[in-house]
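Quick notes on the structure that follows.
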Amino acid sequence: MSILSSTLKEHSLLGLKELSASEITSILDRADYWDRQEQKLVPALANKFVANMFFESSTRTRFSFEMAEKRLGAQVLNFAAANSSLEKGESILDTVRTLEAMGMDAGVIRLKPVGMLQELAERVSMPLINAGDGNNEHPTQALLDLYTMKKHFGEIKGLKVSIIGDIKHSRVARSNLWALQKLGAEVKFTAPDVFKAPELEAYAPYVSIDEAMCSDVVMMLRVQLERHHEGIIGSTEQYRLQYGLTEERAAKLAPHVVIMHPAPINRNVEIDDAVVEHAQSRIFKQMSNGVPIRMAVTERALR
Ligand code: CP
């Protein structure tokens with residue numbers, strides 16, 4: 001590997017499967033540093049230009065990256081697929097290379113096709129940060145999840161984490177699995193057969209919903225209703241009763257258990273309305289923690 005490509009690799013963040021435990025810990029520690037800063041604006045990246053390129057919709061990831069970049073004083077350009085030359089048939093690769101040619105120092109990118117991000121990373125010379133690629137990885141989501149757990153429990157090692165729902169289509173489940181196991185947590189999955197990912201069975205067991213509730217962290221995943229017709233999971237009410245974090249299930253959780261969800265949330269499908277704001281829920285805390293994590297990751301890309 002050339003010096004250039006190895007340096008680029010160190011600055012890019014394509015996924016957590018390829019990161020070592022010490023690299024993950026170092027990002028979590030740096031996020032903690034940024035979290036403790038009282039000043040909202042620290043212009044550490046004042047002369048840097050970052051492009052946020054979202055080829056798929058987003059609220060949390062897009063805005064928290066922009067918040068993080070602006071808090072670090074970077075110049076931020078947001079690419080919107082609508083009204084761009086994508087509509088004239090320009091490829092994602094040509095779009096990214098165009099922005100790079102204009103002088104961007106790093107790119108944050110979300111896209112659907114699995115494998116394309118790796119291909120892009122090999123063909124551009126600026127660091128790329130994965131903001132979610134298909135069902136492959138969502139590294140900054142998992143980092144903010146781990147950060148939330150670490151802040152609450154003190155350490156990740158030894159934690160029991162249940163991930164419940166649409167494992168098959170979930171990049172959040174995959175990134176959490178890789179990172180949590182590297183840091184010594186035990187991961188279990190719960191899902192109806194249609195939502196199981198057979199290739200992950202070698203890494204984490206599937207357990208019943210009742211067993212899943214006996215963990216330190218109960219992480220609910222969004223049912224990707226836009227991908228599924230009701231026929232696949234029966235009705236959403238049937239899903240809620242069989243796999244949802246209902247008020248009844250939440251009431252039986254041990255007091256130390258933390259409830260998480262990456263959001264967006266389907267209230268009263270995978271989690272009951274009242275449970276979102278439950279005293280044991282850290283869902284909105286996860287969203288807050290997205291900013292220091294993305295500050296750490298953006299700084300890493302541009303340092
Ligand atoms: N959790 C998450 O990735 O949310 P967005 O799709 O809104 O970015």
Side-chain angles (χ1 to χ4, degrees), residues 13-17 27-28 31 50-71 76-82 92 106-114 116-117 128-149 151 161-180 195 217-228 245 258-267 269-271 275-277 281-298:
L13 180 63
L14 303 188
L16 299 184
K17 193 173 187 181
I27 295 172
L28 300 181
V50 184
N52 295 324
M53 301 171 282
F54 282 71
F55 298 94
E56 197 189 281
S57 55
S58 168
T59 298
R60 275 146 293 274
T61 312
R62 196 180 86 66
F63 278 93
S64 60
F65 262 114
E66 189 170 347
M67 185 77 183
E69 292 150 0
K70 287 185 168 167
R71 282 191 60 186
V76 181
L77 287 94
N78 289 304
F79 169 83
I92 292 179
V108 174
I109 184 161
R110 170 173 287 192
L111 34 67
K112 271 200 178 82
V114 172
M116 186 176 280
L117 187 62
L128 293 178
I129 300 171
N130 183 356
D133 67 323
N135 70 349
N136 179 42
E137 284 230 34
H138 193 348
T140 57
Q141 176 66 46
L143 287 167
L144 75 87
D145 293 338
L146 265 72
Y147 182 67
T148 305
M149 292 177 211
K151 276 185 82 169
V161 180
S162 295
I163 306 180
I164 301 161
D166 190 353
I167 308 292
K168 185 174 181 171
H169 297 104
S170 177
R171 52 196 177 207
V172 176
R174 284 171 179 76
S175 286
N176 265 288
L177 172 68
W178 308 134
L180 284 166
F195 286 170
V217 177
V218 169
M219 184 185 293
M220 307 308 296
L221 297 177
R222 183 173 76 92
V223 177
Q224 304 193 21
L225 293 170
E226 70 279 12
R227 289 184 198 259
H228 309 301
L245 187 52
V258 161
I259 298 165
M260 295 175 70
H261 190 309
I265 298 162
N266 297 305
R267 288 181 186 243
V269 181
E270 68 269 2
I271 183 166
V275 181
V276 176
E277 278 88 13
S281 164
R282 293 293 174 275
I283 295 174
F284 288 96
K285 193 69 199 156
Q286 286 172 264
M287 295 175 203
S288 307
N289 290 339
V291 175
I293 281 292
R294 287 166 178 134
M295 288 174 84
V297 167
T298 305

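Positions are given from 1 along the sequence. Order of appearance sets the numbers: ligands from 1, and atoms from 1 within every ligand.
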Can you name the atoms of ligand 1, numbered from 1 with element, that are less than 4.0 Å from a heavy atom of [X]?
X      : result
Thr61  : 2 (C), 3 (O), 4 (O), 5 (P), 8 (O)
Thr59  : 5 (P), 7 (O), 8 (O)
His138 : 2 (C), 3 (O)
Ala263 : 1 (N), 2 (C), 4 (O)
Gln141 : 1 (N), 2 (C)
Pro262 : 1 (N)

Only counting residues at least two apart or in another chain, list the ones meeting salt bridge (charged side-chain N to carboxylate O under 4.0 Å, His left out) with Arg267.
Asp273, Glu277
My understanding is that only residues two or more places apart in sequence, or in another chain, count here; which of them pass salt bridge (charged side-chain N to carboxylate O under 4.0 Å, His left out) with Arg174?
Glu199
Phe195 versus Ile167: any side-chain heavy-atom pair under 4.5 Å?
no
Output, in order, the C-alpha distance, side-chain angles, deciding distance and verdict of side-chain contact (heavy atoms from CB on, under 4.5 Å) for Leu221 and Ile164.
CA-CA 6 Å; Leu221 297 177; Ile164 301 161; over 6 Å; no
Among side-chain atoms of Thr140 and Arg294, is any donor-acceptor pair under 3.5 angstrom?
yes
Closest approach of Lys168 and Asn135, non-hydrogen atoms and distance?
O-ND2, 3.2 Å
With a heavy-atom distance limit of 4.0 Å, tell me whether Arg110 approaches ligand 1 through its side chain, its backbone, both, or neither.
side chain
